[in-house]
Amino acid sequence: MQLPHSNRRHCLFHYPQHYPPRALLPPTPPMAQAISLPALPTPHHHHHYAAPHSPRPSCGAYSPSLLRAESPISAALRAGDDSSFRDARLLLSLLRQCGDLLHGEGEKSPEKERTDLAAARRLAPQLHSLAVRAGHATREPHVACALADLLERLGRGASGRRLLSEGDGEDWKDAVLWNKQVAMLAEAGDWDAAIAAFREMRARGVAADGYACARALHACGRAGRRREGRAVHAHALRAGLVDAHPLVPGFLAGMYAEGADVAAATTVLLRTTGAGVVAWNAVIACCVRLGLVDDALELAERMARDAETSVVAEPTLATWNTVLSGCARHGRDREALAVVGRMLEQGLSPDAATVSSLLKSVANSGSLDHGTEVHCFFLRHGLAPDAYTGTALVDMYAKCGRLDLAQRVFDGLEHRNLATWNSLVAGHASAGQFDRALELVETMKRHRLDPNVTTWNGLITGYAMNGLSSQAMLLLRQIKAAGVAPNVVSWTSLISGSCHSGDYQDSFTFFSEMQQDGVQPSLVTMLVLLRACAGLALLTKGKELHCFALRRAYDGEVVVSTALIDMYAKAGSLTSAKRVFGRVQGRNLVCCNAMLTGLAVHGQAHEAAALFHDMWRSGLKPDGITFTALLTACRSMGLVTEAWEYFDDMEAKYGVAPTTEHHACMVDLLARRGYLDEAMAFIDRSPADHGASSWGALLTGCAIHGNLDLAESAARHLFRLEPHNSANYLAMMSLYEQHQMFDEAESLKYAMKARGVDARPGWSWTQAGRGVHVFEVDGGSSPAHPETAEIYGEMSRLVAQIRMVGYVPDTGCVAYDVPEEEKERLLLCHTEKLAVVYGLIRSDRSRAPVRVVKNTRMCRDCHEVIKHVSALCGRQIILRDASWFHHFVDGKCSCDDYW
């Protein structure tokens, strides 16, 4: 019989090779095709596609026994006779029973379950073919619905969705079929198609049931379609489905939570009588997935606090485990311990999932004491360590630096998987024990476990983080040659290790090779590269990464915005940093601290103070980094009174205990302002154990103001604390030479040689075009700049012109005992002057700001020269020295000559 084209197209259904269509099966004896199935009762579970229809035939009328070899229906199946299936009810019953067999309903022996599944898989393609040949697949909605459900259970959901979207005519679908189509599209993750189908069914006047509304809300939330989600919400309210259907409240609240509108989600849960613990857990899980850990914690706490009322459900173990996993995933390690405490207060017993998440938080924080407590708790409660929990224990001890305990746990595990081995390998590699790590890899092979890319990534990370980037790169190339493709984690580990060691230039070299290898950078890769840009102050490269973030839609992530703020601030573009900060939605403490630090190093103390008070009013609690940025900002402008207020209020008002870093900031501020005696008294009366930072700050202040007595006292402490830091020796040598004490200065030179202290060479660099040009003092490792003659010629011309407007060389900046003319010549050799002049030469046409980075403090003469040059040339010059940024515009500097 020739089928019309509209019916034939549904025969194009591809089945696995183990159950080809009936027409392709070879002839077999009759009993080989007979399927003997027990009479199945009507399944107790309800199908979400079910709708009012004719009563299902009883088991006596249409039971699986009809499929036996001796039955007429079985003969019709073998013969391909369509006439026996004109009754759609019979086909509908068989499709449903076949689907029930695939679902494995009821208590059966494993052998019986395998038999039923094999029988159903053989029968399913035949029933599909019969439905198409009889015309029911495209004309009978209930048959089409049951067939689509069967195809979905067979793992052919795409064919089932295509079946529901096609048919004979426009009006063949009824409410059952429309609702089923919306649900299937949403369950498959085709959010836009599900929303479009729901919109079309509503336009046709078809009523949506609760399940379709729930799935449509889920699709709107995941697709970010808030407007359509509100329309579905309105329909559910009019239809009375919000309180009537158990799934709608959870998906409705989840839709608002997906858009980070946790307040609206909470309102839905509180106003809905049917919102049980499942709905609350769904919203908490959504918050965790979006990184809204504070909101997840607040919702869980609200559940625990208001559980006595009938509105809020009591949190379960699943609730707290979800919050705990969010804390572990997003670095909220301190909160993780508090979450476990709330679980125990509620009388809930932690399970293996609880312990694994908690161990991950402990490993991230490196708190061995807490990790040992968790391990003891695990043993006391008789929890059997499986491979997952055992791996978490091994990883925790390895990251806490106790490889002996990690090995002991590893040896005691009955079940180990590849992840367990990888954790131990990574632990030894991270500790620099590469021989032991490679030995473990060989042991894995002897246990018939092939190392995967994660195994090698642990070794690559270990090499890179220990400053052995070349060995890490060699290993990466070796595994690539062996047929193991390095992934984005491999390359990111290599790049991150280079940044960690301060080899920022190598990071970009590896990134270039990564792109040549065809590996796309991830979000983490971009964050690491932004850190490298910040370290080198590479504004142009940072802007390129910003464009990459925009193309990948990463700019909406708070962590990316934070990295961009940090990069722009350290690269000298405070305006760009402010622009990014102004666009951040849901600012957290880390983001605000990055902006505070940027304002501080650029000398914007008043803006930093205003931002701090805005943070406090918005509910963000400051931490130690916040106050370090605030005190640094006060130091940049010499605001002694304001700094004392913040320092005194740290613990009394804000609950933050001052650290040695905060004490060093205060000493630096007092010393730079000339309050040297007060700075010394502050050190003497402070309870903190002052380290090299405080004494170094005092020495710097003494050098600025020429106080030799206090300088010698500070230097004695520094020579004991930092015997190999050349900066301390050079500062004292300069001070001795200023006081004409050349013998003492010479003795310090001999002391440096005796101790093997190498003086750190001074350098400055500027970026011109796509190249970085470095200028070092005489004796540096870099060769002389190829355009030295042109640079010095332009330098002489500029100095001659600024002399005419009042510039006088400050020869006091040269401590050598040489004639004045030689001192003036030496002043022209300062690297920051050379970098500024070269930047002016190469950017004359663009008139862009000249950006220079210097590794030591700028001298007074260079500061004065650059002020005059900025006015003479009408150019903005931005220079970052060891202290902070100097913005030179029209003969003035942002530091007001205080640095």
Side-chain angles (χ1 to χ4, degrees), residues 221 250 253-270 275-309 311-351 353-365 367 370 373-374 377 557-559 562 584-593 615-616 618-623 626 654-656:
M255 184 272 294
Y256 286 111
E258 288 284 356
D261 192 351
V262 182
T266 307
T267 301
V268 169
L269 293 174
L270 293 174
V277 68
V278 175
W280 283 84
N281 287 352
V283 175
I284 291 174
C286 181
C287 292
V288 167
R289 184 167 51 79
L290 295 175
L292 305 174
V293 182
D294 289 328
D295 294 306
L297 285 165
E298 184 177 348
L299 286 172
E301 288 290 347
R302 183 164 193 166
M303 292 175 67
R305 185 176 62 250
D306 301 339
E308 294 79 8
T309 67
V311 179
V312 180
E314 185 177 12
T316 62
L317 182 61
T319 309
W320 293 115
N321 280 348
T322 302
V323 177
L324 195 60
S325 68
C327 293
R329 190 184 313 164
H330 297 284
R332 307 294 291 273
D333 308 319
R334 187 182 303 174
E335 290 87 341
L337 296 172
V339 168
V340 175
R342 295 291 287 118
M343 291 173 58
L344 298 175
E345 290 176 7
Q346 194 179 332
L348 298 173
S349 298
D351 59 3
T354 313
V355 173
S356 298
S357 295
L358 186 56
L359 285 172
K360 184 177 180 180
S361 293
V362 171
N364 292 336
S365 64
S367 176
H370 288 147
E373 290 178 11
V374 175
F377 177 88
E557 300 283 345
V558 177
V559 64
T562 303
V584 177
Q585 300 293 326
R587 301 168 186 164
N588 56 21
L589 181 61
V590 179
C591 182
C592 292
N593 282 346
M615 290 169 53
W616 179 251
S618 67
L620 286 177
K621 184 180 178 182
D623 60 1
T626 311
Y654 302 104
V656 179

Are any non-hydrogen side-chain atoms of [X] and [Y] less than 4.5 angstrom apart?
| X | Y | value |
| --- | --- | --- |
| Ser357 | Asn321 | no |
| Thr562 | Val559 | no |
| Val362 | Glu373 | no |
| Met615 | Lys621 | no |
| Lys360 | Asp333 | no |
| Arg587 | Val558 | no |
| Trp280 | Thr319 | no |

Could you tell me the separation between the [atom1] atom of [X] and the [atom2] atom of [Y], rounded to the nearest 0.5 Å?
| X | Y | atom1 | atom2 | value |
| --- | --- | --- | --- | --- |
| Leu337 | Cys327 | CG | SG | 9.5 Å |
| Ser361 | Arg334 | OG | CZ | 12.5 Å |
| Asn588 | His330 | CG | NE2 | 12.0 Å |
| Leu317 | Asp351 | CG | CG | 4.5 Å |
| Gln585 | Cys591 | CD | SG | 11.0 Å |

Does the Ser356 side chain pair with the main chain of Ala353, one donor and one acceptor, at a distance under 3.5 Å?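 Looks like no, no N/O pair under 3.5 Å.
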Check whether Gln346 reaches the backbone of Pro315 with its side chain - one donor and one acceptor, N or O, closer than 3.5 Å.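 Side chain of Gln346 to backbone of Pro315, a donor-acceptor pair under 3.5 Å: yes, one is there.
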Any chance you could lay out the side chain to side chain contact (heavy atoms under 4.5 Å, CB included) test for Thr354 and Met343, step after step, and finish with the verdict? CA-CA 10 Å; Thr354 313; Met343 291 173 58; 3.7 Å; yes
For Ser365, give me all partners under side chain to side chain donor-acceptor pair (under 3.5 Å), at least two apart in sequence or on another chain.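 With sequence neighbours excluded, Ser365 shows a side chain to side chain donor-acceptor pair (under 3.5 Å) to no residue whatsoever.
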Residue among Val293, Leu297, Val323, Asp295 satisfying side chain to side chain contact (heavy atoms under 4.5 Å, CB included) with Cys287: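 Filter result, single survivor: Asp295.
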Candidate list Leu358, Val355, Leu348, test side chain to side chain contact (heavy atoms under 4.5 Å, CB included), partner Val340, passing option: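 Among Leu358, Val355, Leu348, the one meeting side chain to side chain contact (heavy atoms under 4.5 Å, CB included) with Val340 is Leu358.
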Of all heavy-atom pairs between [X] and [Y], which one has the smallest distance, and what is that distance?
| X | Y | answer |
| --- | --- | --- |
| Leu589 | Leu620 | N-CD2, 4.1 Å |
| Asn364 | Ala328 | ND2-O, 3.4 Å |
| Leu344 | Pro350 | CD2-CD, 3.8 Å |

Could you note down all residue pairs passing salt bridge (Lys or Arg N to Asp or Glu O under 4.0 Å) where residues 339-348 supplies at least one of them, sequence neighbours left out?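 Non-adjacent pairs meeting salt bridge (Lys or Arg N to Asp or Glu O under 4.0 Å): Glu301-Arg342, Arg342-Glu345.
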Excluding sequence neighbours, so at least two apart, what forms side chain to side chain contact (heavy atoms under 4.5 Å, CB included) with Thr322?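 Only Ile284, Ala285, Val288 meet the side chain to side chain contact (heavy atoms under 4.5 Å, CB included) criterion with Thr322.
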Any chance the side chains of Asn593 and Asp623 put a donor and an acceptor closer than 3.5 Å?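 Yes, because at least one side-chain N or O of Asn593 sits under 3.5 Å from a partner of the opposite role on Asp623.
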Step through the shown structure and confirm whether more than 12 heavy atoms of other residues, nucleotides or ligands are within 6.0 Å of CD on Glu298.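 No, CD of Glu298 has 12 or fewer neighbouring heavy atoms, counting only those of other groups under 6.0 Å.
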